[in-house]
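Letters A, B, ... mirror the listed sequences (proteins, then strands); counts begin at 1.
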Amino acid sequence: MHDDPAAGRVAGVIVETEAYGGAGDPASHAYRGRTPRNAVMFGPPGHAYVYFTYGMHHCFNVVCGRRGEPAAVLVRALEPVAGLEPMRERRALADVRRLARGPGSLARALGLDRRHDGLDLTRAPLWVADLPARRRGRSVARGPRVGIRVAAERPWRYWLAGSAFVSGSARAASPRDQKLVDTPRAHS
DNA sequence: GTATCGATTAGC
DNA sequence: CTAATCGATACA
């Protein structure tokens, strides 16, 4: 969720992610060590790593490794659940399924940029929360990472199976090429 | 210093 | 398939 001072609260359910490591992952920004851009990846978990790329897009990650052990999860797609109008305005697009599909589109829809790099994701204005119980327990599919030229074969992309809000290659993945991963069920 | 390339997207 | 567009990175 993002409480944006200008647009109010925009929120969605994370439906597609991709994992990146550190020194052992040649596709990771942290592979060659710490730089001003990726410094947050080396900090404590639970913080936002937001980077700028291709001269025009931002991507939003959740830092997951312990302090000094760079690791992050790129949030690749969101099912919008609140703040649909601000998202539509930012994206100049009406179709809810495509509002936050793809990491660049997602960051744009949420209004995220380098100013959000390093924010503590356990509190406002930008945070990640547990799913409500009724959304838990659904099947998660796994497949290769996309958009990278090295180590793409590692099956470190995860998405909500059957979701209309995930990227095209995930929607198109045949059952043969994806593995289903059990997700924790809600407590009683 | 210059050259190359992106954890991408929209459009043809 | 390619253009867009600029910071990070590689290399002389």
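- Legend: salt bridge (charged side-chain N to carboxylate O under 4.0 Å, His left out) pairs involving residues 63-82 of chain A, not counting sequence neighbours, sorted by first then second residue: A:Glu16-A:Arg76, A:Glu18-A:Arg76, A:Arg66-A:Glu69, A:Glu79-A:Arg135.
- Rounded to a whole Å, the OH atom of A:Tyr20 is 12 Å from the P atom of B:dG6.
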Return the polar atom pairs (N/O with N/O) between nucleotides 9-12 of chain C and the protein under 3.5 Å, or none.
{"unit_1": "C:dA10", "atom_1": "OP1", "unit_2": "A:Arg32", "atom_2": "NE", "d": "2.7"}

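- Taking the six-membered ring for Trp, A:His116 and A:His2 have ring centres closer than 6.0 Å.
- In the set C:dC6, B:dA7, B:dT9, B:dA7 carries the atom at the smallest distance from any side-chain atom of A:Met41.
- The CG atom of A:Asn61 sits 14 Å away from the C1' atom of B:dT8 (whole-angstrom rounding).
- Residues A:Trp127 make up the rest of the hydrophobic cluster containing A:Met1, defined by ILVMFWY side-chain heavy atoms closer than 4.5 Å, directly or through other members.
- Between C:dC6, B:dG6, B:dA10, one nucleotide has an atom nearer to the side chain of A:Thr53 than all others, and that is B:dG6.
- Between A:Arg149 and B:dA7 there is no side-chain polar atom (N or O) within less than 4.0 angstrom of OP1 or OP2.
- Distance A:Arg108 CZ to B:dA10 C1': 12 Å, rounded to the nearest Å.
- In this entry the distance linking CZ of A:Phe52 with P of B:dT9 reads 13 Å, nearest Å.
- Annotated stems with DNA chain C as a participant read B:1-6 with C:6-11, B:8-11 with C:1-4, given as range with range, by first number; only runs of 3 or more Watson-Crick or G-U pairs under 3.5 Å qualify.
- Side-chain contact, A:Arg138 with A:Ser163: no donor N or O sits under 3.5 Å from an acceptor N or O.
- Regarding A:Arg114, its CZ atom lies at a distance of 14 Å from the C1' atom of B:dA7, rounded to whole Å.
- Less than 4.0 Å separates DNA chain C from no heavy atom of any residue of residues 78-104 of chain A.
- As judged by a 4.0 angstrom heavy-atom cut-off over every strand, A:Ile148 is placed among residues touching the sugar-phosphate backbone only.
- Separating the NE2 atom of A:His58 from the C1' atom of C:dC6 is a distance of 11 Å, rounded to the nearest angstrom.
- A straight line from OH of A:Tyr51 to C1' of B:dC5 spans 13 Å, rounded to a whole angstrom.
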Pull out every protein N or O sitting under 3.5 Å from an N or O of nucleotides 2-5 of chain C, one pair per line with the distance.
{"unit_1": "C:dT5", "atom_1": "O2", "unit_2": "A:Tyr54", "atom_2": "O", "d": "2.4"}

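- Between A:Tyr49 and A:Tyr51, the ring-plane angle classifies as tilted under the 30° and 60° cut-offs.
- The hydrophobic cluster containing A:Phe165 also contains A:Val62, counting ILVMFWY residues as joined when their side-chain heavy atoms lie under 4.5 angstrom apart, directly or transitively.
- The CG atom of A:Leu93 lies 9.5 Å from the CZ atom of A:Arg101; values are rounded to the nearest 0.5 Å.
- Atom-to-atom, OH of A:Tyr158 to C1' of B:dA7 comes out at 16 Å; the value is rounded to the nearest Å.
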